[in-house]
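Below, chain A is the first sequence line, B the second, and so on; all start at residue 1.
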There are 2 protein chains.
Amino acid sequence: MTTTDSGRRRLGTTPRTPAQKRVLVAALELIAEHGVSGTSLQMIADAMGVTKAAVYHQFKTKDEIVVGVTEMELATLEDAVAAAKAESDPARARKVLLTQVVDMAVARRPWVRTLQNDPIIIRLLGEHEPFRDFISELFGVLQGDEDSTTARVSAALFSGAIGGAIINPLLDDIDDATLRAALMQFTTRMMNLPD
Amino acid sequence: MTTTDSGRRRLGTTPRTPAQKRVLVAALELIAEHGVSGTSLQMIADAMGVTKAAVYHQFKTKDEIVVGVTEMELATLEDAVAAAKAESDPARARKVLLTQVVDMAVARRPWVRTLQNDPIIIRLLGEHEPFRDFISELFGVLQGDEDSTTARVSAALFSGAIGGAIINPLLDDIDDATLRAALMQFTTRMMNLPD
DNA sequence: GTCTATATCGAGATAGAC
DNA sequence: GTCTATCTCGATATAGAC
């Protein structure tokens, strides 16, 4: 199925040709490292071993590529949000979601920084409706459907700590498993979750 | 004086003409909003009401402007680091430093995101020796001079949480005082500091 | 689906007058 | 200290052949 329970169109269900997927994969890696503004179509084309014109044949504008890449990555969280919403207990729902978010963030360290901080992605997340809806749904679960200031600050601290810690050069030499464990311990303590 | 106890040259002591200061102030605001790559010299010139050539007369390259802006902002933390190092008790030293860092981060919300996440600033912080030395000194105090994995993860979580929370759109409508209090409560709990 | 070639624009940067 | 004018390069983007 391509729609969620709330009627929203699932992210990542846009049909893509193999050539389009190759563009998105190449663009993802470059954008994660250099940011959107720092990544040119020439760099993407070079990474693929083709010319700029070939890339333009797949996507009409650079914006479409950025949207495509963002959509592809956010899609990995769709299942986590769905699973969390299926839980009846809000605390357990948060636990389920947080575990998945931490896993995803650790597995994709470089991209998380860009997703959370690149000025162009930020603007995109605010202006592109499917992204807005998804983010809003995700943070809704994180806040446990209560709109207290404390809940919002906790959710923001959580996402900031994850995003910030994961890309801090201080932690470059810490392996994924250790980092994941430390982050889970931290988030569990911060957000008063069940073990 | 322009050197620290450890012999390092203090950041922010570079002599600047008034015209240079005007450039840095204009550049700071633009870079904070659009990132380094997203800020052109034309944008800086327009914001100042002069031409590009006038800007180039003050700084030979865009890189020098970026270095200048970064130096100017990091300089606001020099006093905090000095005060912290003057404390004999490591726990109290961290407390002093954290308080100042939180204050600075809250007061300069948009810039903190760029400082921590812009790819070009990141590279600069790693390559420009004065910046490397300062950052290293700052994190040294944060870690309390013990090199355990836990201390490093805590320091990284701290800086990530501050940076991430401060610019999260979720918290845009929370006033500075409330945000500062929430961050202090969080950091105190996270890093096992005295109240 | 990919190519060569090209158009157009804006970027960083410089020369020299005032 | 600022200006006009200009250079060069690389960016996004398009046209049309294979």
*Assess whether salt bridge (Lys or Arg N to Asp or Glu O under 4.0 Å) is satisfied between R8(A) and E78(A), documenting all intermediate values.*
CA-CA 11 Å; R8(A) 187 172 49 76; E78(A) 277 280 16; 3.0 Å; yes
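Salt-bridge check for D103(A) with R180(A): passed, with a basic side-chain N closer than 4.0 Å to an acidic carboxylate O. A salt bridge links E137(B) with K85(B): the closest approach of a Lys/Arg side-chain nitrogen to an acidic carboxylate oxygen falls below 4.0 angstrom. Between D173(B) and R152(A) there is a salt bridge, since at least one side-chain N of the basic residue sits less than 4.0 Å from a carboxylate O of the acidic one.
Extent of DNA chain D lying under 4.0 Å from chain A heavy atoms, first and last nucleotide in 5' to 3' order, is dA11(D) to dA15(D).
Here the P atom of nucleotide dG12(C) and the NZ atom of K62(B) are 4 Å apart, to the nearest Å.
At the heavy-atom level, A53(A) lies under 4.0 Å from base atoms of the strands shown.
S136(B) and D133(B) share no side-chain donor-acceptor pair at under 3.5 Å.
Scanning both residues, T39(A) and K62(A), for their nearest heavy atoms gives O-NZ, 2.8 Å. Counting all heavy atoms, side chain and backbone alike, R132(B) lies closest to L125(B) at CG-O, 3.3 Å.
For the side-chain contact (heavy atoms from CB on, under 4.5 Å) test with L183(B), the passing option among V102(B), T188(B), T99(B) is V102(B); the others fail.
For DNA chain C, no neighbouring residue in residues 23-43 of chain A is found when judged by any heavy atom under 4.0 Å.
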